[in-house]
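I have placed the structure first, in the form of structure tokens, so that the comments after it can refer back to it.
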Protein chains: 2
Amino acid sequence: MKETDILIVGAGPVGLFTVFEAGLLGLNCTLIDNLDKPGGQCAELYPEKPIYDIPGVPFQTAQEHVDALLKQIEPFDYDLNLSQRVQTISEDGDFWIVETNEGNKFKTKNIFIAAGAGSFEPRRPANLENPDLFLNKGVTYAVRNMDQYKDKEVFIFGGGDSALDWTVELSKIASHVSLVHRRDQFRGAYKTEQEMRDLVKNEKVSLFTPHLINEIVGDKKVTGVKLKNFETLEISEHKADELLFLFGLNKKLGPILDWEIDLEDKKISVNTTTFETSKKGIFAVGDINHYEGKLDLILCGFHETTLAVQEAFKRINPGERVPFGYTTSNKKLQKKLGVID
Amino acid sequence: MKETDILIVGAGPVGLFTVFEAGLLGLNCTLIDNLDKPGGQCAELYPEKPIYDIPGVPFQTAQEHVDALLKQIEPFDYDLNLSQRVQTISEDGDFWIVETNEGNKFKTKNIFIAAGAGSFEPRRPANLENPDLFLNKGVTYAVRNMDQYKDKEVFIFGGGDSALDWTVELSKIASHVSLVHRRDQFRGAYKTEQEMRDLVKNEKVSLFTPHLINEIVGDKKVTGVKLKNFETLEISEHKADELLFLFGLNKKLGPILDWEIDLEDKKISVNTTTFETSKKGIFAVGDINHYEGKLDLILCGFHETTLAVQEAFKRINPGERVPFGYTTSNKKLQKKLGVID
């Protein structure tokens, strides 16, 4: 079990900048994020889009903003735990024990929830009762490893770019690919749609429109799938090894809801002095928190976490004055930043 | 009398960013600053120093930061009133009437005090009762126009770079320059001190150390000066036309102290929802304000003024919902920013 000064849930801009402010005070951090890269929705949803309202940065793409923050925290002591979600917390005296869904355990005095609008979760097919029953036993929500689909009967569900891209891509290695969508129009790139339709013409791919899934067939793992025709309401059954649902991502608070922290408007309530939640040592910063006057802007999260880090320092060093200085003039800070020896 | 949506006292980083956030909401601004350029102490005191703690900007000199903010507010409607100080305010219904020491008058619903540590005021000679009696009548605290000293008997007071620089410079045009300092050591650049001492050797400059001013002689304007020798306590009288006091700058709240706004620790008390002071429509943002947990960091000022601008909008458009959007995705905001037509 790793001990860390601040455990940060979410590696978006506010989580990353937390490492900077903590580092100035000599604190180390552990970042946990459900995505497979740092940057939160800036990196995942709109990396190429320009942001105009970062103070002092007239123009920067979202990914450039993330890259700048990563550069800014380079001098400091932190580690990044990706592709996993914080699952449970429990109290241990002054400490919190945090466990992820990958079984990693951390001990910390300070949890910073910087999870933006929540963790990104793939949308499930709405009409199935428990699609996760077959999770990784024939049901997947993202392609992690292409080999999994090699020489398999694959059914892909969805109408966007991901569904089209993977239909084209997996048709090269699967024994057969079927694409299922509730209507015969697609939201993806025109060019990829044409590729897909050419594959259908050449019988490399089967296209089921307007169809949706009706039932997963299988015992311990998926062996087939029942599809319903949206117009005729006819049900058809097919042999299937892999069902790949590509309906996009949902943002969800997820397991944080089970931590019994006070909420308001589905956001986590905090005070505006330390941005601590109703639980001692648990802070919420950035878009995920709520207080009177709250605005969901990155610049507000930067302020919030900077103040919260002060309180984290006090919890780790009770009775000690929090050191304060300006990076323009303070030699100690400049040493920490590695800009002077 | 000019009417403006937000009158901003102080054109430092937080004052400048206020123009941006106000502009996004369609509000115009008027900036007033005592200095002769925008940027506050970033531009005046340490333009060449690097700042490391602006979020998302790993490295930037203070002047580069100011330049970036000026570029960021280019698309918006604001005017800059420099080299003048806000002097008096008075109420006029829902409005405030603001007057500067240059006699300029403004009418506004919202005053934002973004004056940092206060306005920069030249330090006065401590032992004279009212040196400002002769202000611009033979007493100056900065060289605004060199011609003023041409062919004059000039006495320069001070021991830093400014005093040394101007002694050397004005000795070229004045009829004679005397430098007065309380001790025979100088805090300025060694090279300039040597130049000054060479001028003294060549009788182009008189050096009075350890001396200080004892009295200004004159009726309607300065005609002479009495100096006191610090060691012998002897008083000497000299003919003089211009007395130039270069004792550095003090940061002072100045006339704002007369506005009867609640203070705490010499800072202006605000709430953390709208950053409004004890007076309706008067806000304080950045280093000049105080609330529990306050940190004097530029990034905190950015947050504060962004929230305060929301309230300013409501005061101007009562009952209207404050528009909100992200610059990454909101076409209306992008139009305002001038990045799309």
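So that the names make sense, note that chain A is the first sequence line, chain B the second, and so on, each numbered from 1.
A 4.5 Å side-chain heavy-atom check between B:F59 and A:V339 finds every atom pair outside the cut-off. Inter-residue side-chain proximity for B:C300 and A:L307 is flagged as met; some heavy-atom pair is nearer than 4.5 Å.
In this structure a side-chain-to-backbone donor-acceptor pair under 3.5 Å is present from A:Q72 to B:I54.
Looking at B:P50, only its backbone comes within 4.5 Å of chain A, counting heavy atoms on both sides. Interface residue B:F302: backbone and side-chain heavy atoms are both found under 4.5 Å from chain A. Heavy atoms of B:E21 lying under 4.5 Å from chain A belong exclusively to its side chain. If you measure heavy-atom distances from A:E74 to chain B, you find no contacts under 4.5 Å at all. For a residue to count as touching a neighbouring chain, one of its non-hydrogen atoms must lie under 4.5 Å from one of that chain's; by this rule B:D296 touches chain A with backbone and side chain alike. Only the side chain of B:Q334 comes within less than 4.5 Å of a heavy atom in chain A; its backbone stays farther off.
Put simply, of A:T272, A:L295, A:I51, the one with the most heavy-atom pairs under 4.5 Å next to chain B is A:L295. Put simply, of B:H65, B:E311, B:Q310, the one with the most heavy-atom pairs under 4.5 Å next to chain A is B:Q310. Looking only at heavy-atom pairs under 4.5 Å with chain A, the residue among B:L70, B:L333, B:L16, B:T306 that has the most is B:T306. Between chain B and the residues A:L24, A:L69, A:D53, the most heavy-atom pairs under 4.5 angstrom are made by A:D53. Counting heavy-atom pairs closer than 4.5 Å to chain B, the top residue among A:Y291, A:Y326, A:Y46 is A:Y326. If you tally non-hydrogen atom pairs under 4.5 Å between each of B:G56, B:P58, B:G293, B:P55 and chain A, the highest count goes to B:P55.
The OG1 atom of B:T328 sits 8.0 Å away from the CD1 atom of A:I298 when rounded to the nearest 0.5 Å.
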Please test B:L299 against A:F17 for side-chain contact (heavy atoms from CB on, under 4.5 Å), starting from the C-alpha separation and ending with a verdict.
-> CA-CA 12 Å; B:L299 72 93; A:F17 190 65; 3.9 Å; yes
Take A:L297 and B:F324 through the side-chain contact (heavy atoms from CB on, under 4.5 Å) test and state the conclusion after the steps.
-> CA-CA 10 Å; A:L297 292 173; B:F324 183 76; 4.0 Å; yes
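With a 6.0 Å radius and a threshold of 12 heavy atoms from other residues, nucleotides or ligands, B:K252 has its NZ atom at or below the threshold.
Of all non-hydrogen atoms in B:F20 and A:Y52, the two that sit nearest each other are CZ-O, 3.2 Å.
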